[in-house]
There are 2 protein chains.
Amino acid sequence: MPDRSSSAANRSTARRTPLSVDVVPLTPHGRQLTTLLVRAADPRSRQRWELPWDAMRGDETLDDAAARLVRAALGTAPGLLEQIAAFGDRQRHPADAMVSVAYLALVAEGTAVPIGGDAAWFPVDELPPISPRQRAMVDGAMRAVRMRLDQSPIAFSLLPQTFTLSQLQEVYELLLGRRLHKASFRRALHASWLVEPTDEWRSEGRGRPAQLFRYAPRKRRGGRRGVRFEGLGVAAAERS
Amino acid sequence: MPDRSSSAANRSTARRTPLSVDVVPLTPHGRQLTTLLVRAADPRSRQRWELPWDAMRGDETLDDAAARLVRAALGTAPGLLEQIAAFGDRQRHPADAMVSVAYLALVAEGTAVPIGGDAAWFPVDELPPISPRQRAMVDGAMRAVRMRLDQSPIAFSLLPQTFTLSQLQEVYELLLGRRLHKASFRRALHASWLVEPTDEWRSEGRGRPAQLFRYAPRKRRGGRRGVRFEGLGVAAAERS
DNA sequence: TGACATTAGTCACAATCCGTGACTAATTCG
DNA sequence: CGAATTAGTCACGGATTGTGACTAATGTCA
């Protein structure tokens, strides 16, 4: 979020920021995906929640600004920081910016603890009222996460260095919004050479201890497959 | 491209545009994908090529500005117009814009004919020198096209209303950069309910005439499949 | 006119992939 | 100890898919 010195001052002098950079931090929290909201820096609306945002400074790049915002809000570097899109419609935004560039920041569960009561994690489907443009950013972030799930090692950015396969499966189920079959999941995972076992085991309360794995992608051989048209077209009614 | 009245004037008065909107128009041209470049509007560098771009005007949205640019450059509406990303590093850009928002415009082959010698289609892998940021936009457009190929009906935007299945397959081969097997391609296509046959046939010179199809996605039923890890990880050396 | 080249379109087989239920293994709790 | 709980594996059958060979319809050219 904008720290007190710069952009908040700009706003209070009624200068409209032409361009803002906004971050959507995401982390799993139990069985829900949550995003970080902070109290508005503007003293006139301190009871409102908003995504961390600020104007660009000096000769910063967009990526620089996004990284700075995450550092300021979380105190730590994210597992993955990626641009989502630029939002340039007329929806309201805390900065009244003409254009806002949104970033997605993925953080492992439990790594980042917001300091004090000025920030809190909210489940993405139970957000308090925020500005329409930032609301669209959260939706866009969710869409981006789902679309890139099989192109980018997103799931591993939401987990600690080492994890159990059940944890990994839970993250996939969280992001996809549906249950997966254990045997299929593991068969596909082993075929992909994405993880390697460590020699540690974790006993998580009751039940058999689980082996810990780490993300370690290896070269995979195998011919390219044909075209998949499955993502196109109109999906029929989902069966429960 | 910026028409003479507005942005060129801005630039000649040495005002740095903070934000530009740039378009990457793509169309197949024979066996190659081509992009449209125009002569620089700036009278001091009229021999340079650039992607169509301009600053935002009045209370235009980003999408408005992109649509206006395409209309000005092609004289027609594109089959698909989609934002790629915002470019905000320090690479040089014709406008010296701090941030440039790039759009992808897909046009059916042969639809749009640039008027006069101020615009021309260039194969994307044989571009003349253009500014580094616009060069990155073209690369980004290609990546975006390939990534969204199975999420968005991109291939159909590059074809006329009706087309033969061989034409469709050629577009897929062009975008994927590899050959596909005819029987597999058609089997998958029929299973996806994306196209429907018309009662027209086209005889394209020699060989058996081909039936014409149109894009007409239908509701598809079928349970969701498991997770695919194939897009992740490091691909082994391609075999020729 | 009739072989041949060329492009469209289909078929069927084998190999692989994948959903699924049932199974074994290792631990905690009472 | 036995029930409950979680981890991990196996194997069957059906679905998917790579592939080569086939038929069909046209133009070309001797």
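As a basis for the values below, the full set of heavy atoms in this structure was taken, side chains included, without hydrogen atoms, waters or symmetry mates. Naming convention: chains lettered A, B, ... in sequence-line order (proteins, then strands); numbering from 1 in each chain.
Between the P atom of C:dG21 and the CZ atom of A:R179 lies a distance of 13 Å, rounded to the nearest Å. If you take CZ of B:R224 and P of C:dG19, they are 13 Å apart, rounded to a whole angstrom. One interatomic measurement links the two molecules: CZ of A:R202 to P of C:dT27, which rounds to 15 Å at whole-angstrom precision. Rounded to a whole Å, the CG atom of B:L189 is 15 Å from the C1' atom of D:dT17. Atom pair A:R228:CZ and D:dT16:P shows a separation of 11 Å (rounding to whole Å applied).
Proximity of the aromatic rings of B:Y172 and A:F229 is defined here by a centroid distance below 6.0 angstrom, and this criterion is met.
A donor-acceptor distance shorter than 3.5 angstrom exists from the side chain of A:Q211 to the backbone of A:T198, with no hydrogens or angles considered. Judged by distance alone, the side chain of B:Q83 and the main-chain N or O of B:V101 form no donor-acceptor pair under 3.5 Å.
For B:A144, the side-chain contact (heavy atoms from CB on, under 4.5 Å) partners two or more places apart in sequence, or in a different chain, are B:I84, B:R148. Applying the salt bridge (charged side-chain N to carboxylate O under 4.0 Å, His left out) criterion to B:R228, with sequence neighbours excluded, gives A:E230. In this view, B:D199 satisfies the side-chain contact (heavy atoms from CB on, under 4.5 Å) rule with no residue, not counting sequence neighbours. Residues that satisfy the side-chain contact (heavy atoms from CB on, under 4.5 Å) test with B:Q151, not counting sequence neighbours, are A:M147.
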Interface polar pairs with nucleotides 5-12 of chain D, N/O, under 3.5 angstrom:
{"from": "D:dT6", "atom 1": "O2", "to": "A:R208", "atom 2": "N", "distance (Å)": "3.0"}
{"from": "D:dA7", "atom 1": "OP1", "to": "A:S166", "atom 2": "OG", "distance (Å)": "3.2"}
{"from": "D:dA7", "atom 1": "OP2", "to": "A:S166", "atom 2": "OG", "distance (Å)": "3.0"}
{"from": "D:dA7", "atom 1": "N3", "to": "A:R208", "atom 2": "NH1", "distance (Å)": "3.3"}
{"from": "D:dG8", "atom 1": "OP1", "to": "A:Q211", "atom 2": "N", "distance (Å)": "2.7"}
{"from": "D:dG8", "atom 1": "OP2", "to": "A:R186", "atom 2": "NH1", "distance (Å)": "3.2"}
{"from": "D:dG8", "atom 1": "OP2", "to": "A:R186", "atom 2": "NH2", "distance (Å)": "3.4"}
{"from": "D:dG8", "atom 1": "O5'", "to": "A:R186", "atom 2": "NH1", "distance (Å)": "3.3"}
{"from": "D:dG8", "atom 1": "N7", "to": "A:K182", "atom 2": "NZ", "distance (Å)": "2.3"}
{"from": "D:dG8", "atom 1": "O6", "to": "A:K182", "atom 2": "NZ", "distance (Å)": "3.1"}

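Phosphate contact (OP1/OP2 of C:dT16, side-chain N/O of A:R225, threshold under 4.0 Å): absent.
When the C1' atoms of four end pairs are superposed on the next four at each end of the helix from C:dT1-D:dA30 to C:dG30-D:dC1, using five pairs per end, the two resulting axes differ in direction by 10°, to 10°.
A salt bridge is defined here as a Lys NZ or Arg NE, NH1 or NH2 lying under 4.0 Å from an Asp or Glu carboxylate O, and B:R68 with B:D54 meets this definition.
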